[in-house]
Amino acid sequence: MKYNFTEIEKKWQKYWEENETFRTPDFDKLDKSKPKYYVLDMFPYPSGDGLHVGHPEGYTATDIIARYKRMRGFNVMHPMGWDAFGLQTEQYAIKTGIHPKIRTIECINRFRDQLKSIGFSYDWKREISTADESYFKWTQWIFLKIYNSFYDKTDNKAKDINELKIPEGLSAKEKFDFLNSYRIAYLAEVPVNWCPELGTVLSNEEVPEQLEKGFTVVRRKMKQWNMRITEYADRLLNDLNELDWPKNVKEIQRNWIGRSEGATIKFKIINPETKSEFEIEVYTTRPDTIFGVTYLILSPEHKFVNDITVGSEKNKIDEYIRSAERKSDLERTELSKNKTGEFTGAFALHPLTDEKIPVLISDYVLASYGTGAIMGVPGHDERDNEFAQKYSLSIIPVVFPENISDEEKKLFLENTKIGKECYTGEGISINSGFLDGLKSGEAINKIIEWLETNKKGMRSVNFKLRDWLFSRQRFWGEPFPIIHFEDGTFEDIDVSELPLTLPDVGSYKPSGTGESPLAIIDDWVNTVEKDSGRSARRETNTMPQWAGSCWYFLRYLDPENTKVFCDREIEKFWMPVNLYIGGQEHAVLHLIYARFWYKVLFDLGYVNYKEPISKLFNQGMILGEDGVKMSKSRGNVINPEDVISKFGADAMRLFEMFMGPLEASKPWSTKGIEGLNRFLNRVWRVIIDENSDGLKNNITDSEPELKLKKLLHKTIKKVTEDIEDGDMKFNTAISYLMIFVNELYKSEEISKNVIRDFILLLSPFAPHITEEIWQKLGNNESIQFAKWPAYDKELTKEESVTIIFQVNGKLRSKADLPFGSEEKILEDEALDNENVKKYILGKQIIKIISVKNKMVNIVVK
RNA sequence: GCCCGGGUGGCGGAACUGGUAGACGCGCAGGACUUAAAAUCCUGUUGUCUGUAAAGGCAGUAUCGGUUCGAUUCCGAUCCCGGGCACCA
């Protein structure tokens with residue numbers, strides 16, 4: 001029979017399912033003497049469109065690793081699940097009225113069938129879905145753990161809120177507020193990113209993506225749940241160093257965390273009318289330029305703005321604040337070229353010179369970074385420079401570049417004063433009192449020392465990272481296990497009440513008031529406190545989609561546990577994840593949130609390691625055949641179901657790996673996959689007699705001929721190394737398998753053992769056809785349980801190598817010589833070579849360079 | 001603007017620590033089989049020049065320059081493409 005991939009693939013998928021071939025035993029039945037390997041895929045969001053050809057790319061890579069590791073005797077954890085809460089399903093519900101729960105199940109079923117049709121070796125007994133009550137019970141449970149924790153800055157870790165020392169003599173309300181100001185998950189009225197089109201708020205990390213889609217995002221003050229991820233900024237930054245992650249992902253995270261060192265400096269401000277004094281702190285990375293400060297700027301949202309503004313300026317200032325509020329973030333940055341601001345009428349005292357400097361407000365100063373106020377150093381900061389020139393504020397040069405002549409220095413200082421020059425680099429201090437003549441680095445240390453002894457400021461560190469906005473005004477997400485009382489206080493519900501499930505509703509539309517659709521379900525919203533019977537309202541926000549994906553890799557390990565989200569001992573055995581493959585788009589979203597949650601759980605003693613993911617790998621995108629991103633509107637989308645029915649799952653797996661390195665973006669090619677289907681046909685025909693369905697006659701129990709044996713061992717070596725080295729370059733491994741098959745076609749008689757080993761090598765890449773041939777080779781058990789072939793190092797060596805002969809670095813000839821021939825022999829051979837002789841005839845030999853097993857280069861004049 | 005990647009045949013891509021550039025696949029060309037086609041098998045395939053051929057010359061890894069006996073690989077400058085950040089003081 002001809003190679004019938006459809007039949008073979010169905011047969012083996014059924015076999016694997018019935019025999020639970022890929023089941024990872026429960027922990028108590030696991031042979032713990034074997035090493036573990038946890039290979040994880042970023043689980044998909046089961047959308048209505050079904051699987052995309054991009055999905056199987058990363059999944060095939062992890063599947064190859066999983067199958068390989070099993071054959072190498074590892075306990076392998078290779079699970080799959082669903083990131084099932086999310087906006088797309090909710091919007092489908094708004095449109096159709098179909099409950100998201102029903103829609104989600106439909107989509108999941110479709111996705112699962114599709115994944116099974118590609119032959120992935122998942123342990124489906126561990127399947128999880130974030131929207132399942134049995135799963136999100138634990139998402140809510142973890143939320144409560146985070147809610148009931150505070151960050152102890154001395155021990156640098158999260159602790160149970162009960163360990164927090166509460167000051168004596170506080171009223172009940174004060175105590176409540178005090179605790180709240182420490183909780184790692186906290187409710188606060190903060191300026192948030194509101195997206196009117198989506199009817200929900202967004203986290204900082206989510207904003208760029210929505211803007212790209214053309215949605216608007218405006219700043220709005222709202223009472224929202226937040227997580228104090230900022231407390232973990234240092235640890236999230238430092239622990240990156242020990243991770244085997246792509247360089248650029250680490251870089252993106254470092255940028256996002258955005259650590260900077262500098263100083264906070266206190267300025268005294270006096271309202272000339274009321275004579276009241278305020279102390280305002282500014283943050284700067286260049287405290288050495290303090291003598292160049294000619295004004296202060298507060299962000300329009302700064303808490304002192306009202307108090308320091310004098311009567312005559314009030315209207316202007318109020319108007320400015322209102323206009324700043326109206327601007328979206330986008331506008332505030334887009335208008336950056338044209339800075340605006342207003343004078344408050346107040347003056348600050350320079351902490352060193354006691355000079356009076358004006359205090360202004362401007363929306364180029366961000367309220368949410370540093371102290372929300374800056375010192376203006378127009379001589380050495382481009383933004384300040386632009387602002388100063390527009391509002392005619394004076395400029396003092398206080399740093400000049402090193403290694404310039406006196407002449408240049410004079411010109412430099414003049415130009416700086418008039419705003420023509422704005423040097424932002426490091427250099428030598430000038431016009432700076434006791435800092436004069438010092439290099440910037442030294443000046444920074446000296447001024448900080450001075451500020452600290454004079455109590456006018458201190459060394460400080462700042463981060464760009466903001467607290468994580470954790471609530472959304474949606475229906476299809478985890479409800480918060482929190483209830484609110486009439487007096488404005490709130491508390492967590494009892495753990496025994498988890499999971500807190502979603503009600504059935506008539507409409508999934510956002511309420512339009514900035515509240516989620518849950519807010520209008522009175523039955524659900526109105527509740528009572530369990531113990532006291534006091535009436536209460538449920539929190540109506542839901543958690544963001546990231547919540548479920550923050551910890552799903554833990555639930556796979558112990559999916560049935562009803563006592564805890566994952567047993568600590570089981571966690572200890574399997575974690576951290578050895579290999580995690582997914583797209584780069586999650587660099588600062590999922591991957592920073594998941595690290596954060598894991599660290600909190602670590603601090604609280606529920607998990608055993610500092611970091612959850614040891615090695616991360618980003619697969620590239622598969623583009624359409626036209627070389628651009630696949631999209632419905634372009635009509636260049638390739639559907640995996642069609643590919644499988646035309647060419648088979650094995651061919652698709654093989655082709656996706658053969659296209660190029662996993663991390664690269666590469667275009668799909670129908671011709672290309674035909675080639676891989678052709679390859680599998682060649683494999684089939686060289687082994688199987690299509691008339692008898694048995695092995696071909698020329699496959700015998702004979703000793704393999706040396707040449708083929710050597711090629712086999714070289715192939716084993718290459719394939720093993722390509723899988724093992726972590727670069728995910730399976731394209732070269734496959735090309736070696738092709739070379740091997742090409743060689744088989746040239747052989748008269750083939751040893752069965754050679755075929756056996758070759759089939760083992762091919763099996764992680766193309767599992768169905770290899771199971772079939774494995775069976776025809778006389779094996780009764782799945783090929784997955786066979787041992788990965790070993791290679792004999794001696795057999796991988798060539799007995800002869802091609803030595804190249806060069807004259808003056810140009811290739812002139814070559815010769816096959818025995819492997820390991822001494823340099824002297826190589827030289828003699830080269831000098832004796834006809835073509836080489838032509839080029840050295842009559843010339844003087846200056847030098848001969850020879851490298852063993854490589855080349856000889858004769859330098860002549 | 002700043003910070004990371006990356007530019008190799010007609011195409012996807014190979015090339016160890018500086019040592020034969022273009023593995024493997026696609027496409028293309030020629031041949032075999034066939035009444036024919038498809039499928040399959042075999043051969044060739046960077047460009048260019050000399051040669052009937054065998055063989056050989058020259059150029060060639062974005063561009064220019066450098067280091068070196070020797071550079072796709074190391075260094076410097078420039079151009080282009082992709083990604084990230086973008087008033088973070």
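Just so you know, these numbers come straight off a predicted model, no measurement behind them.
Ionic pairing of A/Arg254 and A/Glu251 is present here: one or more N-O contacts between side-chain nitrogen and carboxylate oxygen are shorter than 4.0 angstrom.
Taking side-chain N and O atoms only, A/Lys810 has a distance below 4.0 Å to OP1 or OP2 of B/A59. The shortest distance between the side-chain N/O atoms of A/Arg254 and the OP1/OP2 oxygens of B/C85 is not below 4.0 Å.
Taking atom NE2 of residue A/His380 and atom P of nucleotide B/C87, one finds them 23 Å apart after rounding to whole Å. Rounded to whole Å, the distance from CG on A/Leu662 to P on B/G6 is 16 Å. Rounding to whole angstrom units, CZ of residue A/Phe267 and P of B/A89 are separated by 17 Å. Counting to the nearest Å, the C1' atom of B/G70 and the CD1 atom of A/Ile846 are 15 Å from each other. Distance, A/Asp363 CG to B/A89 P: 18 Å, rounded to whole Å. The interatomic distance linking A/Gln619 (CD) with B/G83 (C1') rounds to 15 Å, in whole Å. As rounded to whole Å, 12 Å separates atom P of B/C85 from atom CD of A/Gln253. At whole-Å resolution of the value, CZ in A/Phe805 and C1' in B/G56 are 17 Å apart.
At a threshold of 4.0 angstrom between heavy atoms, the contacts of A/Glu382 with the nucleic acid are absent. As judged by a 4.0 angstrom heavy-atom cut-off over every strand, A/Ile252 is placed among residues touching the sugar-phosphate backbone only. No contact: A/Phe740 has no heavy atom under 4.0 Å from any strand. Backbone-only engagement by A/Ser260 is indicated by non-hydrogen atom pairs under 4.0 Å involving sugar-phosphate atoms exclusively.
Each of A/Trp256 and A/Thr284 lies near RNA chain B, and the nucleotide nearest A/Trp256 is the one positioned closer to the 5' end. Heavy-atom distances to RNA chain B give each of A/Arg286 and A/Glu251 a nearest nucleotide, and the one nearer the 5′ end belongs to A/Glu251.
Counting heavy-atom neighbours within 6.0 Å of A/Met458 CE, excluding the residue itself, gives a total of 12 or less.
With values rounded to the nearest 0.5 angstrom, A/Asn857 atom CG is found 11.5 Å from A/Phe805 atom CZ. Here the CD1 atom belonging to A/Ile374 is positioned 12.5 Å from the CD1 atom belonging to A/Ile280, to the nearest 0.5 angstrom. Here A/Lys861 contributes atom NZ and A/Lys843 contributes atom NZ; the two are 12.5 Å apart, rounded to the nearest 0.5 Å.
Comparing B/G56 with B/G6, their P atoms sit 37 Å apart, to the nearest whole Å. If you take atom P in B/U8 and the same atom in B/C85, they sit 27 Å apart, rounded to whole Å. Atom name P, nucleotides B/G66 and B/C49: the rounded distance is 30 Å, in whole Å.
Classification of the A/His586-A/His590 ring pair by plane angle, with boundaries at 30° and 60°, yields perpendicular.
For B/G56, the base adopts the anti conformation, since its glycosidic angle falls more than 90 degrees from zero.
Comparing B/C85, B/C41, B/G57 against the side chain of A/Tyr839 picks out B/G57 as the nearest.
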Reading nucleotides 12-25 of chain B from 5' to 3' and marking B where a protein heavy atom lies under 4.0 Å of the base, S where only the sugar-phosphate is that close, and - otherwise, the string is BSS-B--BBS-BBS
Intra- and inter-strand pairs of RNA chain B in dot-bracket (Watson-Crick or G-U wobble, both distances under 3.5 Å; | for another strand) | (((((((..(((......[....)))((((((.......))))))(((((....)))))..(((((..]....))))))))))))....
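A/Phe647 has its side chain within reach of A/Thr670: a pair of non-hydrogen atoms, C-beta onward, lies under 4.5 Å apart.
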